[in-house]
Amino acid sequence: MRIPDIMKSRMSVSFEVFPPKADKPLDPLMRILDKLYTMQPDFISVTYGAGGSNAGRHMEICKSIADSGKTMPLSHFTCIGSNKDDIRRQMDRCLELGIDNILALRGDIPQGWEGTRGDFTHASELIAFLREEYGDKFVIGMAGAPEKHIEAKTFAEDIAHLRMKQDAGADFITTQLCYDVEGFKWWMDTIRKTGVTIPIDVGIMPVLNKNSIIKMCLSMNGCSIPQPLAELISRHYNDSDEDFRKYGIEYTTNMVYEFMALGINGVHFYSLNKAEAVLEICRNCGLAYRK
Ligand code: FAD
C-alpha cells in the first residue's frame with residue numbers, strides 16, 4: 001500500500017535515520033535498521049544533506065531499506081543547489097533503485113548564500129516539477145511546521161504556503177518536531193479549515209537528553225518548550241543522563257498518546273540513529289506488532 005493510503009486507513013508508524021559522516025562505517029547504521037525493522041514500521045525515512053553533500057550514502061541506505069523487503073524507504077530530497085537536470089538525474093536513479101517515496105523539501109539555505117542557487121526557490125515548485133515530470137510514479141511528502149517555519153512572518157502566510165504545496169501535488173505532511181501538543185492541535189484545526197486535507201504525520205523527537213532538547217528547540221527550529229517539558233527539565237536538571245533519559249522516555253510516551261488522541265494520521269520518530277529509545281516508546285504506546 002502507498003504511504004498516504006496507509007495513513008488514511010490507520011495511523012502509520014515510521015522512523016527517520018541519517019547517513020553517517022563519509023569517514024564513518026555504515027555497518028552500525030545497518031544494525032540499527034535491523035532493530036528498527038522488528039517494529040514493522042510502515043516506512044523509514046533517510047535525511048539528505050542540503051546541496052546533496054551526502055547523496056551517495058543517502059542513496060545506498062535508501063536502497064538497502066528497499067532491498068530488505070521489511071519496509072519502504074522515504075528519501076528526503078532538498079532542491080538547494082540543484083537545477084532541473086540534477087533533480088531529474090537523482091529522481092531517475094531513485095526509480096532505478098526501487099525508491100518511489102520522496103519527502104520534497106527546499107532545505108535550509110546555507111550560511112552566506114542568497115537563495116537556493118538552484119532552479120527552485122520553494123518546495124512547492126519542486127513538488128509541482130516532480131508531479132509534472134513523473135506523474136504518479138512518486139509518492140510525495142512535504143514538510144509542515146506546526147509552530148510556523150522560522151522564516152515566515154505570520155502563521156497565515158506559512159499556512160498559505162503549506163496549502164500551495166498540497167495543491168502542487170503533495171500526498172502527505174510530515175511535521176517538524178513539536179512538543180506543544182495544544183499548539184499542534186490549533187495548527188491542525190486551522191490548516192484543516194483552510195482546505196489542507198492530506199494526512200498529517202507528526203514528527204516525534206524523543207526527549208532523551210536535556211541539553212539536546214534545549215539546543216534542538218532553540219538553535220534553529222524556533223520550537224517552544226511547553227511548561228510541562230520545562231518543568232521536567234528543571235526537576236531533573238541535575239540528574240544523571242541515564243536517569244533523565246528514563247523520565248524523558250515516560251514524557252515522550254505520554255506525549256505520543258496525546259497526539260494519538262488528536263486523531264493524527266501517523267507518528268514519525270526521529271530515531272537519531274539509535275534504536276533502543278524509540279523502540280521502547282513504541283512498545284509503551286502499544287505500537288508493537290500492531291498489523
Ligand atoms: P518551503 O516549503 O519552501 O518553506 C520555506 C519557507 O518559505 C517557509 O517560511 C515558507 O512559509 C516560505 N515559502 C514557501 N513557499 C513560498 C512562496 N511561494 N513564497 C514565499 N514564501 C514561501 N533539511 C535538510 O537539509 N535535509 C533533510 O533531510 C531535511 N529533512 C526534514 C524533514 C522534515 C520532516 C522537516 C519538517 C524538515 C526537514 N528539513 C531537512 C528541514 C527543511 O529543509 C527546512 O525546514 C527548510 O528551511 C524549509 O524546507 P521546506 O521544504 O519546508 O521549505
Side-chain angles (χ1 to χ4, degrees), residues 3 7 12 14-20 43-55 57-59 61-62 73-82 87 90 94 99 101-111 113-130 140-178 184 187 191 194 196 198-205 216-217 219-223 264-273:
I3 293 174
M7 290 175 176
S12 68
S14 56
F15 302 114
E16 176 189 286
V17 298
F18 58 86
F43 60 93
I44 294 182
S45 81
V46 185
T47 66
Y48 185 86
S53 51
N54 60 3
R57 286 211 137 179
H58 165 89
M59 211 62 112
I61 297 161
C62 286
L74 167 64
S75 169
H76 296 209
F77 180 76
T78 78
C79 58
I80 296 277
S82 292
I87 297 170
Q90 284 265 9
C94 279
I99 301 159
N101 300 307
I102 301 289
L103 186 64
L105 304 154
R106 184 201 64 187
D108 288 318
I109 312 271
Q111 262 192 345
W113 284 32
E114 274 200 23
T116 60
R117 297 191 188 171
D119 279 347
F120 301 126
T121 310
H122 296 292
S124 52
E125 296 160 31
L126 170 66
I127 294 167
F129 175 75
L130 295 179
I140 303 176
M142 66 189 233
E147 296 184 77
K148 185 176 82 52
H149 186 266
I150 192 86
E151 289 165 27
K153 289 192 186 68
T154 63
F155 267 102
E157 172 187 316
D158 204 35
I159 289 171
H161 298 145
L162 195 78
R163 172 77 199 254
M164 282 170 68
K165 292 199 272 190
Q166 169 184 278
D167 294 350
D171 294 306
F172 68 96
I173 303 170
T174 299
T175 74
Q176 188 54 271
L177 66 96
C178 177
F184 183 95
W187 175 81
I191 67 168
T194 61
V196 176
I198 56 178
I200 303 172
D201 187 25
V202 185
I204 305 283
M205 182 66 79
M216 260 176 304
C217 288
S219 68
M220 57 189 294
N221 293 313
C223 294
I264 43 103
N265 305 104
V267 276
H268 187 60
F269 291 94
Y270 298 118
S271 79
L272 303 170
N273 286 8

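Indexing begins at 1, ligand by ligand and atom by atom, following the structure's order. Throughout, residue positions are numbered sequentially from 1 according to the sequence presented.
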Chemist: When you compare the side chain of Ser75 with that of Ile102, does any pair of heavy atoms fall below 4.5 Å?
Modeler: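 Counting from C-beta outward, Ile102 and Ser75 do come under 4.5 Å.
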Chemist: Among all protein non-hydrogen atoms, which one is nearest to atom 11 (O) of ligand 1, and what is the separation to 0.1 Å?
Modeler: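 Residue, atom and distance for the closest contact: Asp158 OD1, 2.6 Å.
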Chemist: With a 4.5 Å cut-off on side-chain heavy atoms, are Asp171 and Ile198 touching?
Modeler: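 A side-chain contact under 4.5 Å is absent here.
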Chemist: Would you mind checking which non-hydrogen protein atom is closest to atom 44 (C) of ligand 1, with the distance to 0.1 Å?
Modeler: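 Of every protein heavy atom, Asp108 OD1, 3.2 Å lies nearest to atom 44 (C) of ligand 1.
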Chemist: Can you check which of Asp201, Ile109, Leu103 brings a heavy atom nearest to atom 33 (C) of ligand 1?
Modeler: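 Shortest heavy-atom distance from atom 33 (C) of ligand 1: Leu103.
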Chemist: Report yes if some heavy atom in the side chain of Asp201 is under 4.5 Å from a heavy atom in the side chain of Ile3; otherwise report no.
Modeler: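 They are not in side-chain contact.
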Chemist: Would you call the rings of Phe43 and Phe172 parallel, tilted or perpendicular, where under 30° means parallel and over 60° means perpendicular?
Modeler: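 Rings of Phe43 and Phe172: tilted, as their planes differ by 30° to 60°.
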Chemist: So, Lys148 side chain and Ala152 main chain: donor-acceptor pair closer than 3.5 Å or not?
Modeler: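 Confirmed, Lys148 side chain pairs with Ala152 backbone.
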Chemist: Using a 3.5 Å cut-off on N or O atoms only, is His161 in polar contact with ligand 1?
Modeler: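 N/O-N/O distance under 3.5 Å: yes.
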Chemist: Report, in ascending order of atom number, the atoms of ligand 1 lying under 4.0 Å from any heavy atom of Met164.
Modeler: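 The atoms of ligand 1 under 4.0 Å from a heavy atom of Met164 are 18 (N).
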Chemist: Considering only the protein, which heavy-atom contact is closest to atom 30 (N) of ligand 1, and what is its distance?
Modeler: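 The protein heavy atom lying closest is His76 ND1, 2.9 Å.
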Chemist: Counting both backbone and side chain atoms, is some N or O of Tyr48 under 3.5 Å from an N or O of ligand 1?
Modeler: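 Min N/O separation from ligand 1 is below 3.5 Å for Tyr48.
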Chemist: How does Met142 reach ligand 1, if at all, at less than 4.0 Å between non-hydrogen atoms: by side chain, backbone, both, or neither?
Modeler: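 The answer is neither; Met142 stays 4.0 Å or more away.
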Chemist: Kindly assign one of parallel, tilted or perpendicular to the pair Phe184 and Trp187, based on the angle between their ring planes and the thresholds 30° and 60°.
Modeler: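 Ring orientation, 0 to 90° scale: tilted.
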Chemist: Heavy-atom pairs closer than 4.0 Å: do any link ligand 1 to the side chain of Thr121, the backbone, both, or neither?
Modeler: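 No part of Thr121 comes within reach of ligand 1.
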Chemist: Among all protein heavy atoms in this structure, tell me which lies nearest to atom 43 (O) of ligand 1, with the distance rounded to 0.1 Å.
Modeler: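 I find the closest protein heavy atom is Gly107 CA, 2.9 Å.
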Chemist: Relative to ligand 1, is His122 under 4.0 angstrom through side chain, backbone, both or neither, heavy atoms considered?
Modeler: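 For His122, the contact with ligand 1 is made by both the backbone and the side chain.
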Chemist: Quick one: which of His58, His76, Gln90 gives a side-chain hydrogen bond (donor to acceptor under 3.5 Å, both in side chains) with Tyr48?
Modeler: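 The option that passes is Gln90.
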Chemist: What protein heavy atom is closest to atom 39 (N) of ligand 1, reported as residue, atom name and distance in Å?
Modeler: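 Heavy-atom neighbour on the protein nearest atom 39 (N) of ligand 1: Leu105 CD1, 4.2 Å.
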Chemist: For Ser271 and Glu16, indicate whether the former's side chain and the latter's backbone hold a donor-acceptor pair under 3.5 Å.
Modeler: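 At least one qualifying donor-acceptor pair exists.
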Chemist: If you have a sec, work out which protein heavy atom is nearest atom 45 (O) of ligand 1 and how many Å separate them, to one decimal?
Modeler: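 Answer, as residue, atom name and distance: His149 NE2, 3.6 Å.
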Chemist: Closest non-hydrogen protein atom to atom 2 (O) of ligand 1, residue and atom name please, with distance?
Modeler: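 Sorting protein heavy atoms by distance from atom 2 (O) of ligand 1 puts Lys165 NZ, 2.7 Å first.
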Chemist: Considering the heavy atoms of Ala152, write down every atom of ligand 1 situated less than 4.0 Å from one of them.
Modeler: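 Once the distances to Ala152 are compared, the set is 9 (O), 11 (O).
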Chemist: Would you mind telling me if ligand 1 is within reach of the side chain of Tyr270, the backbone, both or neither, using heavy atoms under 4.0 Å?
Modeler: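 Just the side chain.
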Chemist: Between His268 and Ser14, is a side-chain hydrogen bond (donor to acceptor under 3.5 Å, both in side chains) present by the stated rule, with each step listed?
Modeler: CA-CA 5 Å; His268 187 60; Ser14 56; 2.6 Å; yes
Chemist: Taking only heavy atoms of Thr78 into account, list the atoms of ligand 1 that are under 4.0 Å away from them.
Modeler: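 Under 4.0 Å from Thr78, ligand 1 has these atoms: 24 (C), 25 (O), 26 (N).
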Chemist: Using modelled atom types only, decide if a donor and an acceptor are shared between the side chain of Lys165 and the backbone of Ala143 within a distance under 3.5 Å.
Modeler: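 The answer is yes, because a donor-acceptor pair under 3.5 Å joins these two groups.
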Chemist: Hey, is the main chain of Pro73 close enough, under 3.5 Å, to the side chain of Asn101 for a donor-acceptor pair?
Modeler: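 Indeed, once roles are kept as given, a pair shorter than 3.5 Å links the two residues.
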Chemist: Report the part of Arg106 in contact with ligand 1, treating N, CA, C, O as backbone and CB onward as side chain, heavy atoms under 4.0 Å; options are side chain, backbone, both, neither.
Modeler: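 Looking at Arg106 and ligand 1, atoms from backbone and side chain both fall under 4.0 Å.
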Chemist: Backbone, side chain, both or neither: what part of Thr47 comes under 4.0 angstrom of ligand 1, heavy atoms only?
Modeler: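 The part of Thr47 near ligand 1 is both the backbone and the side chain.
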Chemist: Among all protein non-hydrogen atoms, which one is nearest to atom 35 (C) of ligand 1, and what is the separation to 0.1 Å?
Modeler: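 Checking every protein heavy atom, the shortest distance to atom 35 (C) of ligand 1 gives Ala143 CB, 3.9 Å.
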Chemist: Could I get the full list of side-chain hydrogen bond (donor to acceptor under 3.5 Å, both in side chains) partners for Asp119, not counting sequence neighbours?
Modeler: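 Residues passing side-chain hydrogen bond (donor to acceptor under 3.5 Å, both in side chains) with Asp119: none at all.
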